[in-house]
Amino acid sequence: MQNVPVVVVKVLQFKILKINYKYSLNKSGFILGFFLLAIIGLHAQQQVGYQLNKERDIALGAGLGTMFLTSYYLDRQVKPLPDAEILALRREDINRFDRIATYRYSGVANATSDLLLVGSIAIKAYFIVNKKTRKNAFNIGVVSLQSIALAQGLANTCKLTLRNRPLMYNENVPMDVKRQGFNRLSFFSAHTVTVSAACFSFAYAYQTYLPESKYKNVIWFYAITAPVVEGLLRVAAGKHYFTDTITAYVVGFGTSYLMHRLHLPKKKQSLGFLIKEPVNR
């Protein structure tokens, strides 16, 4: 019985590594599908809190969708490095701050980071279950999905800089693993930016609709720390450098704040826990 957890992780690891492209496509379809559903339903009655604008959000959705799909398609066209170039890679060419990641390669960390990513998106269901936010769940979902779509689009676009993942420099990683085009798409971490955008948008929505909740500080602690854990897991998995995950953390926070502010009434626009709400003069 002691080996059961190990077996489960190994099965998850095998499936994730073997169907990486399929997993990414399903994840993208999940995000874009709900995003499209949100756009179609923009005629719904406005609720207190986030305010949707049909013309603005349809245009925003079209722009984000085009950016996401185009960058995603271009990422999928990246070809793997020839064996000779892979063998010529030297970890000494990596800056010292990032070099530690070239010694890391963990299937368990990789599988765990995937589970955390899925969980950070699934937690949005809380706003559907909670009686106080149920009527506003649609608007919250639109803002959150816009945050994630923008974060993912920026990550996919930046990946076209073709930075090799840390595992490419690790002599303990099999060559058949290194012969994958997506191993040239290190900067910046799509996993971390998604978790960051999802967690911060969750915290902003929670603060907006449940300002008197005694759990507000707990939610913000979760929002701040979960992307850090995700970033550390991606480094431990040999998938990203620290600079990849730090950039992703900041970008995810930025997109969530941008969409949060964009959809708030002007008198309620604020930076949340960082500054006080502006006082009307």
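Note that these values count all heavy atoms, side chains included, but never hydrogens, waters or copies made by symmetry.
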Taking [X] first and then [Y], would you say they form a salt bridge - that is, a charged N and a carboxylate O separated by under 4.0 Å?
| X | Y | answer |
| --- | --- | --- |
| Asp83 | Arg179 | yes |
| Asp244 | Arg165 | no |
| Glu171 | Arg91 | yes |

Under 3.5 Å, is there a donor on one side chain and an acceptor on the other for [X] and [Y]?
| X | Y | result |
| --- | --- | --- |
| His263 | Gln146 | yes |
| Ser201 | Lys124 | yes |
| Thr243 | Arg163 | yes |
| Asp98 | Asn95 | yes |

Side-chain contact test, heavy atoms from C-beta onward, threshold under 4.5 Å: evaluate it for [X] versus [Y] and give yes or no.
| X | Y | value |
| --- | --- | --- |
| Leu64 | Leu60 | yes |
| Thr245 | Tyr249 | no |
| Arg76 | Leu185 | yes |
| Tyr73 | Phe68 | no |
| Tyr206 | Tyr126 | yes |
| Ile100 | Phe242 | yes |
| Ile140 | Tyr209 | yes |
| Met168 | Leu81 | yes |

Using modelled atom types and a 3.5 Å cut-off, is there a donor and acceptor pairing between side-chain atoms of [X] and backbone atoms of [Y]?
| X | Y | value |
| --- | --- | --- |
| Asn139 | Tyr50 | yes |
| Arg184 | Asn164 | no |
| His240 | Val235 | no |
| Thr255 | Ser147 | yes |
| Lys178 | Leu87 | no |
| Ser196 | Phe253 | yes |
| Arg104 | Ala237 | no |
| Ser189 | Thr192 | yes |
| Thr133 | Phe127 | yes |
| Ser120 | Leu117 | yes |

Margin query: To check you understand the geometry: which heavy-atom pair defines the closest contact between Ala101 and Pro166, and what is its length?
Written below: O-CB, 3.4 Å
Note to self: Distance check, rounded to the nearest 0.5 Å: Asn156 atom CG versus Asp75 atom CG?
What the structure shows: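 Reported value, rounded in 0.5 Å steps: 4.5 Å.
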Notebook entry, point to check: How long is the span from the CD atom in Gln152 to the CE atom in Met67, to the nearest 0.5 Å?
Noted result: 10.5 Å
Item checked: Test applied, side-chain hydrogen bond (donor to acceptor under 3.5 Å, both in side chains); reference residue, Asn110; option that passes from Lys239, His191, Arg234 -> Arg234
Check: What class does the angle between the rings of Trp220 and Phe200 fall in, given that below 30° is parallel, 30 to 60° is tilted and above 60° is perpendicular?
Finding: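 Aromatic pair Trp220/Phe200 classed tilted.
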Margin query: Other residues, nucleotides and ligands only: do more than 12 of their heavy atoms fall within 6.0 Å of OH on Tyr215?
Written below: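 12 or below, so no.
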